[in-house]
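Okay, so here's the structure we're looking at.
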Amino acid sequence: MPEQSSDYRVVVFGAAGVGKSSLVQRFVRGTFRDTYIPTVEDTYRQVISCDRNVCTLQITDTTGSHQFPAMQRLSISKGHAFILVYSVTSRQSLAELQPIYQQIRHIKGDAQTAPIMLVGNKSDETQRELQAGDGEALAAQWGCSFMETSAKMNYNVQELFQELLNLEKRRTVTLQVDGKKARRLKSSDRLKGKCSLM
């Protein structure tokens, strides 16, 4: 069976400290950690439905630093869809997404080939440097979708991943497996070992 039919790879990019790992862990494990631990690269797996078959949603949580350009290019070339995360408390974190967005478009082509979600995380914070309109304007310019989230409050986390899957045009991908939420499969999936350190 071809590799593409057995899994769906989502890659999460963003500056250090914007909450990439918190979003992924909130989605996959339903947990939130207050302490910040820098990520080099982690991969998480979740059972989903692809064209009415069960497959694996493979989420790659990338490093927030730019020390590993080769890893970044490899993640983009292997990815099917992308989540670009910034913090609403940092205008700089939004600016840092520009070169990543350009690299995705250079390697993958247009939005039909590789869906992108621009995500303003930490929407629960009161000390904002960016409003929702800032993210919406950039998403319109880039031709991608936009959503604000809060990993801490579990706001729009499940919706983010479902919306990203809805953007996929080449096949039907959903968090629902046989009409049931994939979340119910988490406990058995946990036994398989969700993350691998690379």
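In this structure, CD in Glu125 is found 13.0 Å from CG in Leu130, a value given to the nearest 0.5 Å. The OG1 atom of Thr31 sits 5.0 Å away from the CD atom of Gln25 when rounded to the nearest 0.5 Å. For the atom pair SG (Cys144) and CD1 (Ile116), the distance works out to 6.0 Å, reported to the nearest 0.5 Å. In this structure, OG in Ser22 is found 6.5 Å from CZ in Arg33, a value given to the nearest 0.5 Å. A distance of 6.5 Å separates CG of Asp61 from NZ of Lys20, quoted to the nearest 0.5 Å. Between the NZ atom in Lys108 and the CD atom in Gln103 there is a gap of 12.0 Å [rounded to 0.5 Å].
By the 4.5 Å heavy-atom criterion applied to side chains, Glu168 and Tyr8 are counted as neighbours. A 4.5 Å side-chain heavy-atom check between Arg29 and Tyr44 finds at least one atom pair inside the cut-off. Between Val88 and Glu148, the closest side-chain pair of non-hydrogen atoms falls below 4.5 Å. The closest side-chain heavy-atom distance from Leu57 to Asp7 is not below 4.5 Å. Using a 4.5 Å heavy-atom threshold, the side chains of Ile83 and Phe13 count as separate. Leu23 places a side-chain heavy atom less than 4.5 Å from the side chain of Val157. In this structure, Val173 and His80 have side chains that are not in contact, with every pair of non-hydrogen atoms separated by 4.5 Å or more. Side-chain contact between Ile76 and Phe82 is present, with at least one heavy-atom pair separated by less than 4.5 Å.
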Exercise for review: For Phe146 and Leu138, run side-chain contact (heavy atoms from CB on, under 4.5 Å): C-alpha distance rounded to whole Å, both residues' side-chain angles, the deciding distance at 0.1 Å, then the answer.
Suggested key: CA-CA 9 Å; Phe146 169 76; Leu138 187 58; over 6 Å; no
Point to revise | Residue pair Phe32, Met153: steps toward the side-chain contact (heavy atoms from CB on, under 4.5 Å) verdict | key: CA-CA 9 Å; Phe32 179 80; Met153 307 306 289; over 6 Å; no
Check your understanding: Between Val119 and Thr149, is a side-chain contact (heavy atoms from CB on, under 4.5 Å) present by the stated rule, with each step listed?
Key -> CA-CA 7 Å; Val119 177; Thr149 59; 3.3 Å; yes
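Closest approach of Tyr155 and Ser123 over heavy atoms only: CD2-OG, 3.6 Å. Taking each heavy atom of Ile100 and Glu96 in turn, the nearest pair found is CD1-O, 3.9 Å. Here the closest heavy-atom approach between residue Leu167 and residue Pro115 is recorded as CB-CB, 3.6 Å. Closest non-hydrogen pair, Ser145 versus Glu163, comes out as OG-OE2, 4.5 Å. Contact record, Leu118 with Ala139: CD2-N, 3.9 Å, taken as the closest heavy-atom pair.
Under a 3.5 Å cut-off, the side chain of Thr56 and the backbone N or O of Val47 do not form any donor-acceptor pair. A side-chain donor-acceptor contact under 3.5 Å links Ser87 to the backbone of Thr89. Checked by atom type and distance alone, the side chain of Arg9 never pairs as donor or acceptor with a backbone atom of Ala81 at under 3.5 Å. Not one N or O on the side chain of Thr43 forms a donor-acceptor pair closer than 3.5 Å with the backbone of Thr60. Lys122 contributes no side-chain N or O that, together with a main-chain N or O of Gly19, makes up a donor-acceptor pair within less than 3.5 Å. Using modelled atom types, no side-chain atom of Arg45 and backbone atom of Gln58 make a donor-acceptor pair closer than 3.5 Å. Under the 3.5 Å distance criterion, the side-chain polar atoms of Asn121 are left unmatched by any main-chain donor or acceptor of Val85. The closest donor-acceptor contact from the side chain of Lys78 to the backbone of Val11 lies at 3.5 Å or more, if one exists at all.
Counting non-hydrogen atoms of other residues, nucleotides and ligands closer than 6.0 Å to NZ of Lys152 gives a total of 12 or fewer. Shown here is Tyr101, whose OH atom has more than 12 heavy atoms of other residues, nucleotides or ligands within 6.0 Å.
No hydrogens or angles considered: nothing links the side chains of Gln92 and Tyr86 as a donor-acceptor pair under 3.5 Å.
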